[in-house]
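Fair warning: this is a prediction, and the values are worked out from it, not measured in the lab. Starting from 1, each residue takes its place in the sequence as its number.
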Amino acid sequence: MRHRLIPALVFGICCLTSAAIAATGPSLPGDDPGQTAPPVLRLASANGSVSGSVSETLSTLHYENESLLFNAQLGLGYRSPDWGEDGAQGLLGLGTVFGDSFAIGGLLSFNRDSRDAVVNTLWETPVDGLRFKGSIGYLWGEQDFDFLSGKSTQDLSQTSWLLGADMIFPATASNLGLQRLGINVWGAKADQKSDDAPVYFMVETATSYTTYIDSLKLSEGQLTGISLDTQYAVFNSVVLRGAIGYETLEFPYSDGTEEKDEKLYGDLSLFWQPVTGLVVETGWKYGVSGDLYRVNLTKGSYQLSSWYNRGRNGLEDESSVMLSYRFRFGHSEKPAPLAISMRPSGQSNLLHEALIRPTQLPQTFLAKVDETAVRADVVVDKAGLAGAASVDNDGDIHIALGSTPTITGVTRNSSSYLYSGIIEEEGAGIVIHTSSLPEGIATYYINVTAGGALTIKVETE
């Protein structure tokens, strides 16, 4: 491949060269019609990548290189999660190549609630047609969850990874046919970062008030998957990518049980170049965490991308749209048919792939409410109560009796119980400090005088 000249810099250093020439005393060109042109000093590096010239009237410097240096990407978009508020999002990307066989790229997307960082590496081995790739992702932020006690915002993080290998087939005279066949394995795991204090809430039935303790725990999902992937050029303007495999998603719960879902994995993308310079991509991914639908339009350095993820296994839906611009530093690409430009080989393709987020890595948190972490704490029998019962943030139960009470005695499991500081009179009712009650299953009878004799039955679980 021949070097291609790229003008880079023009230095106005005429004043320096003029001063040097003036010191030797030659006259300026044009003073004498017969005078010869001033001398020109030409410069060149040993490998020819840098060249230039220095003369009395103009000095220039040129840089020529056929290699790519790096790509940078900026994006601005809009994100709409079903569990929270819509908002703007941004994207930053940077990729570079080392020689002709290794590329590394990083992407950072950010919005109101989360940040998502992905690093991709690709290596074309000395073995003809064999390419390895690896990706690691880290998603962190917050999400709203509907716990049994009410809505709560939780801090989370999620790590993900992908390893793969591709066999790239040699180009044919028509550039059509099978271009790539590969295998990928991946995984992801969510991690709840919040450690909130338990929340108490009360449920009323026809016969009782029951106080529950909600520890606000999430089930942290763990995803694993494997697939075979391929790329096939149907026409010069149409390229297909497909993957078929298997995914597993596990959700462990506080009571020792586990929810596990195993499904076939599928991913199909259609790339179409209706006119030179414009590429339309439509795709659909099917997996245990959801159905991902995507549509992308690429025109030159601009890309308009959109996706919608319909959550599965209790995970929320999300959608996004993004307009991004890619800066390319190094040699420029000539327009080519899609079957040629998408062929997975060479330095240019390595750098392009390094700035693509793997679709296998989930873009939403694999976490959902762990309802088994909620337990019943105290049951108050409604029989004989003149008013309602309520529970506060400390778990204390307030029982309204309608008039000023006097506690005359308390029994626990039929034995006399010293209740001082645990069960107290409070205005026109009583208060039970449940956190001070002994652990374990027990039945309490609270004898009260409040406009008449009354016995309140309380059970702990």
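- Side chains of Arg294 and Ser269: a donor-acceptor N/O pair is present below 3.5 angstrom, by distance only.
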TODO: List the steps and the verdict of salt bridge (Lys or Arg N to Asp or Glu O under 4.0 Å) for Asp82 and Arg310.
DONE: CA-CA 10 Å; Asp82 274 11; Arg310 186 177 63 188; over 6 Å; no

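- Side chain of Asn120 to main chain of Ile356: a donor-acceptor pair is present (N/O by atom type, distance under 3.5 Å, no hydrogens or angles).
- Counted by atom type alone, Arg328 and Ser348 present one or more donor-acceptor pairs between their side chains at under 3.5 Å.
- Asn71 and Arg326 make their closest contact through ND2-CD, 3.7 Å (heavy atoms, listed as atom of the first residue, atom of the second, distance).
- The neighbour count for Tyr302 OH, taken as heavy atoms of other residues, nucleotides or ligands under 6.0 Å away, does not exceed 12.
- With hydrogens and angles ignored, the 3.5 Å screen pairs a side-chain donor or acceptor of Asp317 with a backbone N or O of Gly311.
- With no hydrogens or angles considered, a side-chain donor-acceptor pair links Gln73 and Ser324 at under 3.5 Å.
- Not one N or O on the side chain of Ser114 forms a donor-acceptor pair closer than 3.5 Å with the backbone of Trp140.
- Annotation for Glu85: atom CD does not count as buried by contact number, only 12 or fewer foreign heavy atoms lying within 6.0 Å.
- Checked by atom type and distance alone, the side chain of Asp255 pairs as donor or acceptor with a backbone atom of Thr257 at under 3.5 Å.
- Panel note: side chain Thr121, backbone Ile104; no donor-acceptor pair is recorded below 3.5 Å.
- Shortest non-hydrogen contact noted between Ser345 and Ile168 is CB-CG2, 4.4 Å.
- Here the side chain of Thr298 pairs no donor or acceptor atom with the backbone of Gln303 at under 3.5 angstrom.
- The existence of a salt bridge linking Arg131 and Glu124 is confirmed by a sub-4.0 Å separation between a basic side-chain nitrogen and an acidic carboxylate oxygen.
- Looking only at atom types and distance, the side chain of Ser152 has no donor-acceptor partner in the side chain of Asp144 under 3.5 Å away.
- Checked against the 6.0 Å centroid criterion, the rings of Tyr138 and Trp161 do not qualify as a close aromatic pair.
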Task: Derivation and outcome, side-chain hydrogen bond (donor to acceptor under 3.5 Å, both in side chains), residues Asp229 and Ser227 - done: CA-CA 6 Å; Asp229 302 66; Ser227 70; 3.0 Å; yes

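- Using modelled atom types, one side-chain atom of Ser219 and one backbone atom of Pro252 make a donor-acceptor pair closer than 3.5 Å.
- Judged by distance alone, the side chains of Trp272 and Glu281 never bring a donor and an acceptor atom under 3.5 Å apart.
- A 4.5 Å side-chain heavy-atom check between Leu223 and Pro362 finds at least one atom pair inside the cut-off.
- Ion pair Arg357/Asp116 flagged as a salt bridge, since at least one NZ, NE, NH1 or NH2 atom sits closer than 4.0 Å to an Asp/Glu carboxylate oxygen.
- A salt bridge does not link Asp191 with Lys189: none of the charged nitrogens is closer than 4.0 Å to a carboxylate oxygen.
- When ring centroids are compared, Tyr265 and Tyr246 stay outside the 6.0 Å threshold.
- Within the 3.5 Å criterion, the main-chain N or O of Trp83 finds no donor-acceptor partner in the side chain of Glu318.
- Judged by distance alone, the side chains of Ser149 and Asp214 do bring a donor and an acceptor atom under 3.5 Å apart.
- Between Gln179 and Tyr232, the side chains place no donor N or O within less than 3.5 Å of an acceptor N or O (distance only, hydrogens not considered).
- Taking the six-membered ring where the residue is Trp, Tyr325 and Phe327 present perpendicular rings, their angle passing 60° and hence far from 30°.
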- [ ] Begin from the C-alpha positions of Glu220 and Gln192 and carry the test side-chain hydrogen bond (donor to acceptor under 3.5 Å, both in side chains) through to its verdict.
- [x] CA-CA 7 Å; Glu220 303 163 340; Gln192 182 180 11; over 6 Å; no

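- Side-chain atoms of Gln231 come within 3.5 Å of backbone N or O of Met342 as a donor-acceptor pair.
- Put simply, the side chain of Ser320 never gets that close to the backbone of Arg79: no donor and acceptor are under 3.5 Å apart.
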